[in-house]
Trainee: 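Mind looking over this structure? Questions follow.
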Amino acid sequence: MTGRDEGADLAPIDPSPVIILVRPQLAENIGSVARAMGNGGLFHLRLVAPRDGWPQDRAMRTASGAYRILEAATVHDTVADAVADLHRVFATCPRPRHIVKPLLTARGAAAELREVGARGLKCGILFGPERAGLDNDDIACADSLIRYPLNPRFMSLNLAQAVMVMAYEWWIAGEAAPVRTLQTHKTHVATKGELENFLTHLIAECDEAGFLRNEQKRPGMVRNIRHFFQRGEVTEQELRTLHGIVTELARGRRAR
């Protein structure tokens, strides 16, 4: 929640696909869909023949601040009307049978949505009713199908979860951030010079303490110590801590 009565300051991030809910049954699910859309940077929502009409206060209560998406949503009588201004339409379909259409994963569909949108074409994704999903007439309005590669023994998703998967993949497909980073806070990854300074300190104290007294095994033991610290991105702050530990251990040994 944003803590503001008007909800989150959401706006279209185009070219983003239109989310089309076909005959949605519960207002709470529509609200949850809006919340998922906001998480993934989606904004355009269309409702085809919602069972209980529109608007619905219960949808607002479950939107968790994604009110602007619901306020901008449009209502349509048919799927054909909802997709009339779109250039490409994708349909989520858990078990496509006897249908000849391109079949994509959510990740593949997200990449294609990005590519098509970059060419100035408008796209939409159809999601079926909670209980039965899209029927063959609905799917006939789509160019391509999307199927999530989930556990084949249990592929049950509620409507908002299904939208969340696509919203996440669409967002990630345009995300420039690396998939893995090291959170270093106010320190930095140690240079090889800083690491070598610590290893020299550590090995000297290991020699002093007698840990490396076996001359035959000493070269291999030193290599193992070096491999351990060279394996990853040790930070400068971590090295300072380790320096302090080694120094205090040595001081305690000398005192004894």
Trainee: Hey, mind stepping through Tyr148 and Met155 against side-chain contact (heavy atoms from CB on, under 4.5 Å) and telling me if it holds?
Mentor: CA-CA 8 Å; Tyr148 301 164; Met155 299 182 68; 5.5 Å; no
Trainee: Does a side chain donor of either Thr187 or Arg240 reach within less than 3.5 Å of an acceptor in the other side chain?
Mentor: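 No, because no side-chain N or O of Thr187 sits under 3.5 Å from a partner of the opposite role on Arg240.
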Trainee: Over all heavy atoms of both residues, which pair between Pro24 and Leu47 is shortest? Give the atoms and the distance, please.
Mentor: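 It is CG-CD2, 4.5 Å.
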Trainee: Roughly how far, to the nearest 0.5 Å, is the CD atom of Glu71 from the CG atom of Leu10?
Mentor: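 If we round to the nearest 0.5 Å, Leu10:CG and Glu71:CD are 10.5 Å apart.
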Trainee: State, with a plain yes or no, whether a side-chain heavy atom of Pro12 is found less than 4.5 Å away from one of His44.
Mentor: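 Side-chain contact under 4.5 Å: yes.
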Trainee: Taking it one step at a time, do Arg147 and Thr105 satisfy side-chain contact (heavy atoms from CB on, under 4.5 Å)?
Mentor: CA-CA 5 Å; Arg147 186 171 190 262; Thr105 64; over 6 Å; no
Trainee: Of the non-hydrogen atoms in Arg58 and Ala27, which two are nearest, and what is the gap between them?
Mentor: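 Residues Arg58 and Ala27, closest heavy atoms: CB-CB, 3.9 Å.
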Trainee: Hey, could you give me the CD1/NZ distance between Ile139 and Lys101, rounded to the nearest 0.5 Å?
Mentor: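 That separation rounds to 8.0 Å.
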Trainee: Indicate whether the side chain of Thr241 and that of His243 have a donor and an acceptor atom separated by less than 3.5 Å.
Mentor: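 Absent: no donor and acceptor within the cut-off.
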Trainee: Can you list every salt bridge (charged side-chain N to carboxylate O under 4.0 Å, His left out) pair that touches residues 128-140, not counting sequence neighbours?
Mentor: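 The answer is Arg23-Asp135, Arg23-Asp138.
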Trainee: Under the criterion side chain to side chain contact (heavy atoms under 4.5 Å, CB included), which of Ile19, Ile13, Val18 is the partner of Leu42?
Mentor: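 One option only clears the test, and that one is Ile19.
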Trainee: Ring pair (Phe, Tyr, Trp, His ring centres under 6.0 Å): which pairs involve residues 203-235, sequence neighbours left out?
Mentor: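 Residue pairs passing ring pair (Phe, Tyr, Trp, His ring centres under 6.0 Å), neighbours aside: Phe198-Phe229.
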Trainee: Answer yes or no: is there a side-chain heavy-atom contact under 4.5 Å between Val116 and Leu113?
Mentor: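 Side-chain contact under 4.5 Å: no.
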Trainee: Check this for me: does any side-chain nitrogen of one of Asp85 and Arg46 sit under 4.0 Å from a carboxylate oxygen of the other?
Mentor: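 Yes, this pair counts.
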Trainee: Give a yes or no on whether the backbone of His76 and the side-chain of Asp81 come within a donor-acceptor separation of less than 3.5 Å.
Mentor: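 No; judged by distance alone, with no hydrogens or angles, the pair does not exist.
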Trainee: Salt-bridged, Asp207 to Arg218, with N to O below 4.0 Å?
Mentor: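 Looking at Asp207 and Arg218, the cut-off is met.
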Trainee: According to a hydrophobic-cluster definition based on side-chain heavy atoms being under 4.5 Å apart (Ile, Leu, Val, Met, Phe, Trp, Tyr only), do Leu242 and Leu195 belong together?
Mentor: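 Same hydrophobic cluster.
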Trainee: Please give me the minimum heavy-atom distance between Pro50 and Val75, naming the atom from each residue.
Mentor: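 Pro50 and Val75 have their closest heavy atoms at CD-CG1, 3.9 Å.
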Trainee: Tell me, please, which residues at least two apart from Arg223 pass salt bridge (charged side-chain N to carboxylate O under 4.0 Å, His left out).
Mentor: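 Not a single residue meets the salt bridge (charged side-chain N to carboxylate O under 4.0 Å, His left out) criterion with Arg223.
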Trainee: Are side-chain heavy atoms of Met37 and Asn39 found at a separation under 4.5 Å?
Mentor: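 Not in contact.
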Trainee: State, to 0.1 Å, how close Gly120 and His87 come at their nearest heavy-atom pair, and which atoms those are.
Mentor: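 In this case the closest contact between Gly120 and His87 is O-CE1, 4.4 Å.
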Trainee: Ion pair present between Arg88 and Glu112, side-chain N to carboxylate O less than 4.0 angstrom?
Mentor: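 Salt bridge present between Arg88 and Glu112.
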Trainee: For residues 195-206, which residue pairs qualify under salt bridge (charged side-chain N to carboxylate O under 4.0 Å, His left out), counting only residues two or more places apart or in two chains?
Mentor: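 Pairs touching residues 195-206 that pass the test: Glu196-Arg226, Glu205-Arg253, Glu205-Arg254.
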Trainee: Do Ser144 side-chain atoms and Leu103 backbone N/O form a donor-acceptor pair below 3.5 Å?
Mentor: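 No, because the side chain of Ser144 does not come within donor-acceptor range (under 3.5 Å) of the backbone of Leu103.
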Trainee: Would you say Arg107 has more than 12 foreign heavy atoms packed within less than 6.0 Å of its CZ?
Mentor: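 Open: at most 12 neighbouring heavy atoms sit under 6.0 Å from CZ of Arg107.
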Trainee: Quick one: OG on Ser16 to CZ on Phe43, what's the gap to the nearest 0.5 Å?
Mentor: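 Ser16 atom OG to Phe43 atom CZ measures 9.0 Å (nearest 0.5 Å).
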Trainee: If you count the non-hydrogen atoms of other residues, nucleotides and ligands that lie under 6.0 Å from CG in Asn151, is the total more than 12?
Mentor: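 More than 12 heavy atoms, drawn from other residues, nucleotides or ligands, come within 6.0 Å of this atom.
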Trainee: Examine Leu157 and Met166 and state if one hydrophobic cluster contains both, with Ile, Leu, Val, Met, Phe, Trp and Tyr joined whenever side-chain heavy atoms are less than 4.5 Å apart.
Mentor: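 Per the 4.5 Å side-chain linkage, Leu157 and Met166 are co-clustered.
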Trainee: Between Phe127 and Val22, is any pair of side-chain heavy atoms under 4.5 Å apart?
Mentor: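 Sidechains of Val22 and Phe127: no contact.
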Trainee: Would a hydrophobic clustering, with Ile, Leu, Val, Met, Phe, Trp and Tyr connected at side-chain separations under 4.5 Å, put Tyr67 with Leu26?
Mentor: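 The answer is no; the residues belong to distinct hydrophobic clusters.
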Trainee: Hydrophobic clusters here meaning ILVMFWY residues chained together by side-chain heavy-atom distances under 4.5 Å, can you tell me if Ile225 and Leu239 are in one?
Mentor: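 Yes; tracing contacts between hydrophobic side chains, which count when under 4.5 Å, links both residues.
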Trainee: Distance from Ile30 atom CD1 to Leu70 atom CG, nearest 0.5 Å?
Mentor: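 Nearest 0.5 Å value for the CD1-CG distance: 8.0 Å.
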Trainee: Rounded to the nearest 0.5 Å, how far does OG of Ser32 lie from CD of Gln161?
Mentor: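 Here the interatomic distance stands at 9.5 Å.
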Trainee: With a 4.5 Å heavy-atom cut-off, do Gln56 and Trp54 have their side chains touching?
Mentor: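 A side-chain contact exists here, since the closest heavy-atom pair is under 4.5 Å.
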Trainee: Would you confirm whether Glu194, through its side chain, and Thr191, through its main-chain N or O, come within 3.5 Å as a donor-acceptor pair?
Mentor: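 Answer holds: yes.
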Trainee: If you count heavy atoms of other groups shown closer than 6.0 angstrom to CG of Asp77, is the number above 12?
Mentor: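 Counting neighbours around CG of Asp77, 12 or fewer heavy atoms of other residues, nucleotides or ligands fall under 6.0 Å, so no.
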Trainee: Which atoms form the tightest heavy-atom contact between Val163 and Ala36, and what is the distance?
Mentor: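 What the structure gives for the nearest pair is CG1-CB, 4.4 Å.
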Trainee: side-chain contact (heavy atoms from CB on, under 4.5 Å), that's the test. Do Val48 and Ile20 meet it? Break it down for me.
Mentor: CA-CA 7 Å; Val48 176; Ile20 305 166; 3.8 Å; yes
Trainee: Would a hydrophobic clustering, with Ile, Leu, Val, Met, Phe, Trp and Tyr connected at side-chain separations under 4.5 Å, put Leu121 with Ile146?
Mentor: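 The answer is no; the residues belong to distinct hydrophobic clusters.
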Trainee: Determine whether Leu159 and Gln25 make a side-chain contact, defined as any pair of heavy atoms from C-beta on separated by less than 4.5 Å.
Mentor: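 They are not in side-chain contact.
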Trainee: Mind running side-chain contact (heavy atoms from CB on, under 4.5 Å) on His185 and Gln237 for me, showing each step along the way?
Mentor: CA-CA 10 Å; His185 192 47; Gln237 175 60 57; over 6 Å; no
Trainee: With rounding to the nearest 0.5 angstrom, report the CD to OH distance, Glu175 to Tyr168.
Mentor: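 Here the rounded value is 9.5 Å.
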Trainee: Gln230: what forms a side chain to side chain donor-acceptor pair (under 3.5 Å) with it, not counting sequence neighbours?
Mentor: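 Side chain to side chain donor-acceptor pair (under 3.5 Å) list for Gln230, sorted by chain: Lys192.
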Trainee: Please name the pair of heavy atoms, one in Ala142 and one in Phe90, separated by the smallest distance, quoted to 0.1 Å.
Mentor: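 That closest heavy-atom pairing would be CB-C, 4.2 Å.
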Trainee: For Glu115, enumerate each residue passing the salt bridge (charged side-chain N to carboxylate O under 4.0 Å, His left out) test, keeping only those at least two apart in sequence or located in another chain.
Mentor: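 Once residues adjacent in sequence are excluded, the partners of Glu115 under the salt bridge (charged side-chain N to carboxylate O under 4.0 Å, His left out) criterion are Arg119.
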